[in-house]
Amino acid sequence: MDQSVSRIRARFPNKVPCLVKYNEHTMKFILPTDLTYAELSMHVRKQIAEKGYSDGSKSRAYFLMRDSSMPQGTMTVGEDTKDLTGALELHCREENVFG
């Protein structure tokens, strides 16, 4: 995995390789550094619904977690990964927002 990450970083210096884990599924993305976490969250929600990992219900909220904390929605991926050498690894959690 380290070879592919370093190859991506060398080929696309202004992009960040990202792995988003949702339940037993892993989604791979190559993200621009100016993408905010709120925009990434919307994209992940869309991918979850398209791939059929969840029912796509609007009553579910999805949260991206890095380690044990949740990044701010207005923070860009580039701000958060300045010192990161590997791929950005996020976990997607869902919560029922109604009743």
Side-chain angles (χ1 to χ4, degrees):
M1 185 67 168
D2 284 334
Q3 278 185 330
S4 62
V5 169
S6 60
R7 190 172 61 238
I8 290 169
R9 286 192 174 272
R11 187 168 178 192
F12 305 104
N14 60 343
K15 303 222 185 259
V16 177
C18 177
L19 299 172
V20 178
K21 297 179 182 186
Y22 174 73
N23 294 337
E24 67 274 357
H25 306 285
T26 301
M27 296 175 276
K28 299 175 185 177
F29 301 102
I30 299 176
L31 307 173
T33 54
D34 61 347
L35 185 77
T36 64
Y37 277 101
E39 293 169 324
L40 177 59
S41 180
M42 290 186 322
H43 187 67
V44 167
R45 180 185 187 95
K46 183 178 173 184
Q47 289 293 313
I48 288 171
E50 283 179 1
K51 294 184 181 202
Y53 297 156
S54 183
D55 60 358
S57 173
K58 297 293 182 188
S59 66
R60 301 220 182 258
Y62 294 95
F63 300 98
L64 295 175
M65 306 289 289
R66 180 169 183 209
D67 298 324
S68 62
S69 64
M70 188 169 64
Q72 293 179 350
T74 57
M75 183 184 298
T76 63
V77 173
E79 290 175 48
D80 196 29
T81 60
K82 287 179 183 172
D83 300 327
L84 186 67
T85 56
L88 175 64
E89 291 188 26
L90 300 170
H91 294 274
C92 182
R93 306 282 186 236
E94 70 177 359
E95 185 70 33
N96 189 5
V97 293
F98 292 116

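We're numbering straight along the sequence, starting at 1.
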**Asked** Among all residues two or more places apart in sequence or in another chain, which pass the side-chain hydrogen bond (donor to acceptor under 3.5 Å, both in side chains) test with Glu39?
**Response** Thr36

**Asked** At their closest point, which heavy atom of Val44 faces which heavy atom of Cys92, and how far apart are they?
**Response** CG1-SG, 4.0 Å

**Asked** With sequence neighbours left out, what residues match Thr33 under side-chain hydrogen bond (donor to acceptor under 3.5 Å, both in side chains)?
**Response** none

**side chain to side chain donor-acceptor pair (under 3.5 Å) partners of residues 9-27, not counting sequence neighbours, each pair once** = Tyr22-Glu94

**Prompt:** How about Glu50: does its CD atom have over 12 heavy atoms from other parts shown lying under 6.0 Å from it?
**Reply:** yes

**Item:** Verify same cluster id: Met75, Leu31 (apolar side-chain graph, 4.5 Å)
**Value:** yes

**Asked** In chain order, what residues pass the side chain to side chain contact (heavy atoms under 4.5 Å, CB included) check against Lys51, with sequence neighbours excluded?
**Response** Gln47, Tyr53

**Asked** Is any side-chain heavy atom of Leu40 closer than 4.5 Å to a side-chain heavy atom of Leu64?
**Response** yes

**Asked** Given Leu88 and Leu19, is the side-chain contact (heavy atoms from CB on, under 4.5 Å) satisfied, shown in steps?
**Response** CA-CA 6 Å; Leu88 175 64; Leu19 299 172; over 6 Å; no

**Asked** To the nearest 0.5 Å, what is the distance between CZ (Arg7) and CZ (Phe12)?
**Response** 10.5 Å

Pairs of donor and acceptor atoms involving the side chains of residues 65-73, under 3.5 Å and at least two apart or interchain, shall be tabulated with distances.
unit_1	atom_1	unit_2	atom_2	d
Arg66	NH1	Asp80	O	3.1
Arg66	NH1	Asp80	OD1	3.0
Arg66	NH1	Asp80	OD2	3.0
Ser69	OG	Arg66	O	3.3

**Request:** State which residues pass ring-ring contact (aromatic ring centres under 6.0 Å, His included) with Tyr37; sequence neighbours excluded, sorted by chain then number.
**Result:** none

**Message:** So Ile30 and Ile8, do their side chains get closer than 4.5 Å, heavy atoms only?
**Reply:** yes

**Request:** Identify, with sequence neighbours excluded, every residue that meets side-chain hydrogen bond (donor to acceptor under 3.5 Å, both in side chains) alongside Thr81.
**Result:** none

**Asked** Under the side chain to side chain contact (heavy atoms under 4.5 Å, CB included) test, which residues partner Ala61, sequence neighbours left out?
**Response** Phe63, Val97

**Message:** Would you compute the distance between atom CZ of Phe29 and atom NE2 of His43 and round it to the nearest 0.5 angstrom?
**Reply:** 4.5 Å

**Request:** Might you point out which heavy atoms bring Leu90 and Cys18 nearest each other, and give the distance in Å?
**Result:** CD1-SG, 4.0 Å

